[in-house]
Amino acid sequence: MKQQDTGADAFAPFQKALTQGWTQAMEAFQKAAGPGGSAAFDVGGTPLWQLPQMAQFPGAAAMPELPKFSIDPEQLQSIQQQYLSDATDLWRRGFGARPEGDKRFAAEAWGSNPLAAFSAAVYLLNGRTMMRMAEAIDADDKTKARLRFAVEQWMAAASPSNSLAFNAEAQKKAIDTQGESIAKGIQNLLHDMKQGHVSMTDESAFEVGRNVATTEGAVVFENDYFQLLEYKPLTAKVYERPFLLVPPCINKFYILDLQPDNSLIRYANEQGHRVFVVSWRNPDESLAQATWDDYIENAAIKAIHTVQEISGSKQINTLGFCVGGTILSTALAVLAARGEKPAASVTLLTTFLDFSDTGILDIFVDESMVQYREMQLGKGGLLPGGDLASTFSFLRPNDLVWNYVVGNYLKGETPPAFDLLYWNSDATNLPGPFYAWYLRNTYHENKLAKPGALTVCGEKVDLGKIDIPAYIYGSREDHIVPIGGAYTSTQLLTGKKRFVMGASGHIAGVINPPAKNKRSHWLREDGKFPKTQPEWLAGAQEQPGSWWTDWAQWLKGHAGKQIPAPKGYGNGKAYKAIEPAPGRYVKAKA
């Protein structure tokens, strides 16, 4: 290079190479062009969302045509020009470039290692460009969502922070510890390979019944599907109508009883309710044939009737969380069809009844995927709990996957003890027929929201027949049950309703005890429930702190008069204490 060359001249070869690469890409793009000069591409290969081809399975239905997408060449050229401009600026800064705005590269070690910093800056530029291309695609909504998801997954996995060769922070730690961090990282990797999942917390720090799920109680009934827990009253008097909680069967119930200071179960006890909780059995091969009907009849309905019999109360108050709310509502609709009205009220926490807006989870569900699962599991078998756990973790790959890969293996760190992440790693299996039915009839075909479209336990299901007071909660930032999906229950249930929106996500929004004085919630006091959640929010007011206090006040209005608290568990006759809470079902590992 001549001394008089300018910075722009020095960059010329780099710019030429980039331009040639884009030109070649455009030529290939135009060869596949459809009408009007736009290019169309089959979604080929094996992307994360695509399951094995149905033709592999005898008797499989014909595969639907793969989706196609196109992109306007002018938009592509605009993205190219922006990329060249950003790349020019990055090249001029050279090893002085710094990766900005990403916590993965925020440590001081990245700034003091020019090569690592430059590689991270290039990576971020490429990621922004790929996302712009995904956003520019002209396709149906599901295809666009799948493309965005694929780009996000690829970018999360391709980060230079995931490689010891580029992770400046991990390299510095290896030097500072004289290689001890690398040795520890290998030990962590071997440990996680043996246990079958990436450690998110120090799992040795917790034990169910010892320092999580410690609220005092007893198992008062059990069958093949669940144990019924009754908790010791914490007040001299209790409300005459007992309170039954139905947690999700895809997780263990003790998310509602992690620690005494954040336990919803204990909080309900302290409010003077006689509390019962369904503790689902972790399915093994003996439940490999269990169906949705089995879970409704032999679990949810059986739990309702058992609580009625133990308490002697004709009506009880009920709560369902996530899938537990879907199960509970189905059971109440079945009972309504039979002429029974056992519940004085129902509380639904982050629950789908109408599955028209399932958020990011929608990208995983289509006819081919449902057919695949039906052939794989519809006649029997188990869906391993680890499969579900992995799916939910990869919805937030940087926070719930790669963050721990880097910390555990590259830095040799032991993740801190955290009760919620211990619960999150304590997976639960699902019976195959139950899962296949649920997948098709709710997520895929949304039949539960259509009166009479489903027959469950021999009855036509109509959620409109649940004409009892309902408290419906949704979390503003929930990525599993989006706030709009939670709100749609207000359009289906016909009794007097109260809707509340809490801050944060699927778990943190729900588990928000008042004593912490954290977050906020939104209420609307005019009693109106417009069609959509944004319309509802326009008339709502933000309130500081937890929604629990509002719910507790509401629930007391449906709990009846106060009576002396029972002296023992069960009723002293047909139902007696079998074993102390939390029971053995919740301790079974997937």
With the threshold set at 4.0 Å, does a side-chain nitrogen-carboxylate oxygen contact exist between [X] and [Y]?
X: K144; Y: D140; value: no
X: D176; Y: K173; value: no
X: D141; Y: R146; value: no
X: K142; Y: D362; value: yes
X: R266; Y: D261; value: no

K411 NZ: over 12 foreign heavy atoms closer than 6.0 Å |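 Yes, because the 6.0 Å sphere around NZ of K411 holds more than 12 heavy atoms from other groups.
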Got a donor-acceptor contact below 3.5 angstrom from the T442 side chain to the Y438 backbone?
->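 Such a contact is found between T442 side chain and Y438 backbone.
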Donor-acceptor contact below 3.5 Å, side chain N167 vs main chain S161 |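 A pair under 3.5 Å: yes.
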Heavy atoms, side chains only, cut-off 4.5 Å: are W423 and N251 in contact?
->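 When only atoms from C-beta onward are counted, N251 and W423 do touch, with a gap below 4.5 Å.
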Within a strict 4.5 Å, meaning less than it, do heavy atoms of the F105 and E100 side chains meet?
-> no
Got a list of side-chain donor-acceptor pairs under 3.5 Å for residues 179-188, not counting sequence neighbours?
unit_1 : atom_1 : unit_2 : atom_2 : d
S181   : OG     : T177   : OG1    : 3.4
N188   : ND2    : N408   : O      : 2.8
N188   : ND2    : E413   : O      : 3.1

Could you give me the CA-CA distance, side-chain angles and deciding distance for S78 and E74, then say whether side chain to side chain donor-acceptor pair (under 3.5 Å) is met?
-> CA-CA 6 Å; S78 174; E74 290 185 5; over 6 Å; no
Determine all donor-acceptor pairs shorter than 3.5 Å in which one atom belongs to a side chain in residues 109-119; sequence neighbours excluded.
unit_1 : atom_1 : unit_2 : atom_2 : d
W110   : NE1    : R104   : O      : 3.4
S112   : OG     : E108   : O      : 3.4
S112   : OG     : A109   : O      : 3.1
N113   : OD1    : L115   : N      : 3.3
N113   : OD1    : A116   : N      : 3.1
S119   : OG     : A116   : O      : 2.7

Y473 pairs by ring-ring contact (aromatic ring centres under 6.0 Å, His included) with which of W548, F321, W547?
->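 Only one of W548, F321, W547 forms a ring-ring contact (aromatic ring centres under 6.0 Å, His included) with Y473, namely W547.
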